[in-house]
Amino acid sequence: MDAKQQFAQKILPWYHTHARALPWRGTSDPYVVWISEIMAQQTRIHTVIPYFERWMQRFPTLESLANAGLQDVLSAWEGLGYYSRARNLWTAAVSVVHDLDGVLPHSRAELERIQGIGRYTAAAIASIAFGEREPVLDGNVKRVLARVFDIATPIGTPQGERELWSLAETLIPTGQPGDYNQAVMELGAMVCTPRSPDCPNCPLQTICLACELGIQAQRPVKNPRPKVPTYTVTAAIFERKGKVLIARRPNRGLLGGMWEFPGGKVEEGESLQQGLVREIMEELNAGIHVCDLFGEYRHAYTHFKVHLYAFFANLNSSEPVPLEASEIRWVSRAELKDYPMGKIDRSISNDLVSQNGLS
DNA sequence: TAATCGTGGTG
DNA sequence: TCACCAAGATT
């Protein structure tokens, strides 16, 4: 028997004795599988669990999600990141209820037509919820396959992806495809980890080429990431009658649909104050006077870093209008918590509520 | 196709 | 401190 045949035979029994008891396991409810898979995209399971539990309390069914408002959905997602996942989930729930009678399709091909469901998630739902024989390929599976079969093609490249998907298709067994898929991912998360894999306790040790060659640390091969730039950014805190001004970002792009304190990037050769004045004119068509610095905030996104300076500021005579924002609103400090925000603006918001600013 | 899209844990 | 990277999808 070759290594490919032994792969599933060795990993399935291991999974049945070592699987973690995750809150979405033990059911094949397609809605539950769907939510858990979307939440788990690019996110550690440990982080997902409390969000999943709260989500199921708040949106226990597909219908309840479809009937909810996007702002409530984004609030439930706040802190998980990649907010297009929440927007797509909500959009998809509405269309499944309206167009598909509230029933998720069973096949991978049909699932892939739903907003936010790509090949991985479609295969995960099809196999776990419906028992379809479809392999998954996520970061864990890529790492396990690259090591066991000594794949030197860089992952993340089109060739590498094709090669690994093809290999994955040759490995999935006829029976228990859902358990098998979860088994490979579980092994990647718990044993075949990126650094210091626990090879002595791996059920695949006897067939793993990387282990035999001692090159676990060199698999998978990955292309280096470019360095990320740092942007200087400003934000304005306007106060009026005990309320502060916040703006909602457009429903696409970075932090789409989330609320923020208005401001933006400072350009080369501009002072912080000049940059803020320009940004508020562009965003809100309003002239302002920049007052004291409220606080400094640093945050790292995937492709850049931000050093943000938040200032108290006063509006001149003109009334602000949402030019770039989709909506603006004056809210009391106590109400800020009801508006979904990214991490930096939530920090500003929290500091504002507890008056932890510099001034 | 390559770039974009968050946040938190980890070594 | 910082690079890496995690149950990827979209445009």
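Below, chains carry the letters A, B, ... as their sequence lines are ordered, and counting in each starts from 1. Treat the numbers as computed from the prediction; the structure is a model and nothing was measured.
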Return the nearest nucleotide to the side chain of [X]; candidates are [options].
{"X": "A:Arg225", "options": "C:dC5, C:dA7, C:dT11", "value": "C:dC5"}
{"X": "A:Gln41", "options": "B:dC5, C:dA6, C:dG8", "value": "C:dG8"}
{"X": "A:His299", "options": "B:dC5, C:dA6, B:dT7", "value": "B:dT7"}
{"X": "A:Pro158", "options": "B:dA2, B:dC5, C:dG8", "value": "B:dA2"}
{"X": "A:Arg25", "options": "C:dA7, B:dG6, C:dA6", "value": "C:dA7"}
{"X": "A:Arg44", "options": "B:dG6, C:dC5, C:dA7", "value": "C:dC5"}
{"X": "A:Thr121", "options": "C:dA6, B:dT4, C:dA9", "value": "C:dA9"}
{"X": "A:Leu255", "options": "C:dC5, B:dG6, C:dA7", "value": "B:dG6"}

> DNA chain B: A:Tyr51 or A:Ser196, which has the more 5' nearest nucleotide?
Replying inline: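 Its nearest nucleotide being more 5', the pick is A:Tyr51.
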>> If I take atom CD1 from residue A:Ile114 and atom CG from residue A:Leu89, how far apart are they, to the nearest 0.5 angstrom?
In response: 10.5 Å
>> So, taking the atom named CD in A:Glu335 and the one named OG in A:Ser349, what distance separates them when rounded to the nearest 0.5 Å?
In response: 11.0 Å
>> Under 3.5 Å, is there any donor-acceptor pair linking the side chain of A:Thr302 to the base of B:dG6?
In response: yes
Rounded distance (Å) that lies between atom [atom2] of [N] and atom [atom1] of [X]:
{"X": "A:Gln115", "N": "B:dC5", "atom1": "CD", "atom2": "C1'", "value": "14 Å"}
{"X": "A:Arg162", "N": "B:dT1", "atom1": "CZ", "atom2": "C1'", "value": "12 Å"}
{"X": "A:Tyr301", "N": "B:dA3", "atom1": "OH", "atom2": "P", "value": "21 Å"}
{"X": "A:Ile155", "N": "C:dA7", "atom1": "CD1", "atom2": "C1'", "value": "14 Å"}
{"X": "A:Ile49", "N": "C:dA6", "atom1": "CD1", "atom2": "C1'", "value": "14 Å"}
{"X": "A:Glu112", "N": "C:dG8", "atom1": "CD", "atom2": "C1'", "value": "12 Å"}
{"X": "A:Gln42", "N": "C:dA6", "atom1": "CD", "atom2": "C1'", "value": "6 Å"}
{"X": "A:Tyr82", "N": "C:dA7", "atom1": "OH", "atom2": "P", "value": "13 Å"}

>> With heavy-atom distances below 4.5 Å as the criterion, would you say the side chains of A:Asp345 and A:Tyr339 are in contact?
In response: no
> Does A:His299 have its ring centroid less than 6.0 Å away from the ring centroid of A:Tyr301?
Replying inline: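 Aromatic pair counts; centres sit under 6.0 Å.
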>> Taking the P atom in each of B:dT4 and C:dA7, what is the distance between them to the nearest angstrom?
In response: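 Taking atom P in both B:dT4 and C:dA7, they lie 24 Å apart.
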>> Would you measure the distance from the P atom in B:dG8 across to the matching atom in C:dA9 and give it in whole Å?
In response: 22 Å
Describe the nucleic acid contact of [X] in one word from base, sugar-phosphate, nothing, applying a heavy-atom distance below 4.0 Å.
{"X": "A:Thr47", "result": "nothing"}
{"X": "A:Leu22", "result": "base"}
{"X": "A:Ile38", "result": "nothing"}
{"X": "A:Gly256", "result": "nothing"}
{"X": "A:Arg249", "result": "nothing"}
{"X": "A:Arg143", "result": "sugar-phosphate"}

> Is it true that A:Glu78 and A:Arg54 have a side-chain N and a carboxylate O under 4.0 angstrom from each other?
Replying inline: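 Judged by the 4.0 Å cut-off on N to carboxylate O distance, A:Glu78 and A:Arg54 do not form a salt bridge.
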>> Regarding A:Lys142 and A:Glu161, does a basic nitrogen lie under 4.0 Å from an acidic carboxylate oxygen?
In response: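 Here A:Lys142 pairs with A:Glu161 in a salt bridge, since their nearest N and O are under 4.0 Å apart.
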>> Regarding A:Gln182 and A:Arg25, do their side chains bring together a donor and an acceptor under 3.5 Å, going by distance alone?
In response: yes
> For the side-chain hydrogen bond (donor to acceptor under 3.5 Å, both in side chains) test, which of A:Glu283, A:Glu270, A:Gln273 pairs with A:Arg278?
Replying inline: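 For A:Arg278, the side-chain hydrogen bond (donor to acceptor under 3.5 Å, both in side chains) test succeeds with only one of A:Glu283, A:Glu270, A:Gln273, which is A:Glu270.
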> Considering heavy-atom distances to DNA chain C, does A:Arg195 or A:Lys142 have its closest nucleotide positioned more toward the 5' end?
Replying inline: A:Arg195
> Mapping A:Arg85 and A:Lys305 onto DNA chain C by nearest heavy atom, which one lands closer to the 5' end?
Replying inline: A:Lys305
>> Does B:dT7 have OP1 or OP2 under 4.0 Å away from a side-chain N or O of A:Tyr83?
In response: yes
> Which of residues 339-346 of chain A sit near DNA chain B, with a heavy atom under 4.0 Å from it?
Replying inline: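 A:Gly342, A:Lys343, in order of number.
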> In terms of the angle between their ring planes, are A:Phe7 and A:Phe149 parallel, tilted or perpendicular, with boundaries placed at 30° and 60°?
Replying inline: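 The rings of A:Phe7 and A:Phe149 sit tilted, inter-plane angle from 30° to 60°.
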